[in-house]
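Data block below; observations after.
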Amino acid sequence: MQLRLNKSALGYSSCLALCCLLGCGSEFGATVDGVVTLDGNPISPGLITFAPEEPGIAPAVSDLDPKGRFELTTNKKLGVKPGKYRVAIQAFRPPDVPEGQRTMKPSERLVPDKYFDINTSGLEFTVEPGNNTIPVELSSK
C-alpha cells in the first residue's frame, strides 16, 4: 500500500509539473496576440511582421484572420523573444475572378503604403516576457 501511494503521488506531481510548463507561454519567453485595425475596422486578409531591433533574433509573423486577429510565431513555432520590435503590415484584397479563370488585375492594397515596410510604418512595440496583447491601430490619414 505504501508503494502505491508513492507511485500515485509521483505520477500526480509529474502531471502537475507538466501542466505548469505547458501553461508558461512559449519556448521564446513571450507570446503576442492582438487585432489589426484601420480607422477602427479590422484588416484581413493580410500578414503582420514583427522585426526585432536586436540583431540575431528571428522575426515573428502571423496571418490576419477574417476579424484582423493575429498570434505571432517565430520559425513556425508559437511565441516571440521579448524585446523591441518594428512592425509592418501587408494586406491585399485579391480581385474578383470567376472560378476557373485568371486575371492580370493587381490586388488592392488594404492599408496605406507606409505600413508595408518596417522602416516607414512608424509602428514600434516592446514585447514583455509572458503573454502580450497588442492592438495595432492604423490610420488611413
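Positions are given from 1, in the same order as the sequence printed here.
- Remark: side-chain polar atoms of D65 are paired, donor with acceptor, to backbone N or O of K67 under 3.5 angstrom.
- Note that OG1 of T126 and OH of Y85 are 10.0 Å apart. Values are rounded to the nearest 0.5 Å.
- Taken to the nearest 0.5 Å, the CG atom of D33 stands 4.0 Å off from the OG1 atom of T133.
- Under a 3.5 Å cut-off, the side chain of T103 and the backbone N or O of V97 do not form any donor-acceptor pair.
- For the pair P59 and A51, the tightest heavy-atom approach, listed with the atom from each and the gap, is CB-CA, 4.3 Å.
- To the nearest 0.5 Å, the span separating CG on D117 from CG on L123 amounts to 11.0 Å.
- For the pair P42/L64, no side-chain contact is recorded, criterion being any heavy-atom separation below 4.5 Å from C-beta on.
- P106 places none of its side-chain heavy atoms less than 4.5 Å from the side chain of P95.
- Between R93 and E108, at least one side-chain N (NZ, or NE/NH1/NH2) sits under 4.0 Å from a carboxylate O, which counts as a salt bridge.
- Side-chain atoms of T74 come within 3.5 Å of backbone N or O of G79 as a donor-acceptor pair.
- Here the closest heavy-atom approach between residue V35 and residue R69 is recorded as CG2-CG, 3.6 Å.
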Worksheet item: Where do I48 and V36 land on the side chain to side chain contact (heavy atoms under 4.5 Å, CB included) test, with the steps shown first?
Response: CA-CA 8 Å; I48 185 168; V36 177; 3.9 Å; yes
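- In this structure the side chain of F125 reaches within 4.5 angstrom of the side chain of V87, judged on heavy atoms.
- In the displayed structure, D96 atom CG is contacted under 6.0 Å by at most 12 heavy atoms of other residues, nucleotides or ligands.
- Closest approach of L38 and S139 over heavy atoms only: CD1-C, 3.5 Å.
- The line from OH of Y115 to CZ of R109 is 14.0 Å long, rounded to the nearest 0.5 Å.
- In this structure the side chain of K77 reaches within 4.5 angstrom of the side chain of E27, judged on heavy atoms.
- Nearest heavy-atom pair across P94 and S107 is CA-OG, 3.6 Å.
- Taking the centre and axis of the six-membered ring of F50, the NZ or CZ atom of R86 falls outside the cone set by 45° and 6.0 Å.
- To the nearest 0.5 Å, atoms OG1 (T31) and CD (E71) are separated by 7.0 Å.
- Expressed to the nearest 0.5 Å, how far CG of L78 lies from CG of N75 amounts to 12.5 Å.
- In this structure, the side chains of I43 and V111 come closer than 4.5 Å at one or more pairs of heavy atoms.
- Taken together through direct or relayed side-chain contacts under 4.5 Å among Ile, Leu, Val, Met, Phe, Trp and Tyr, F70 and F28 form parts of separate hydrophobic clusters.
- The closest donor-acceptor contact from the side chain of T37 to the backbone of E137 lies at 3.5 Å or more, if one exists at all.
- V136 places a side-chain heavy atom less than 4.5 Å from the side chain of I89.
- The two residues T120 and K114 make their nearest non-hydrogen contact at OG1-O, 2.7 Å.
- For Q90 (side chain) and F116 (main-chain N/O), a donor-acceptor pair under 3.5 Å exists by modelled atom type.
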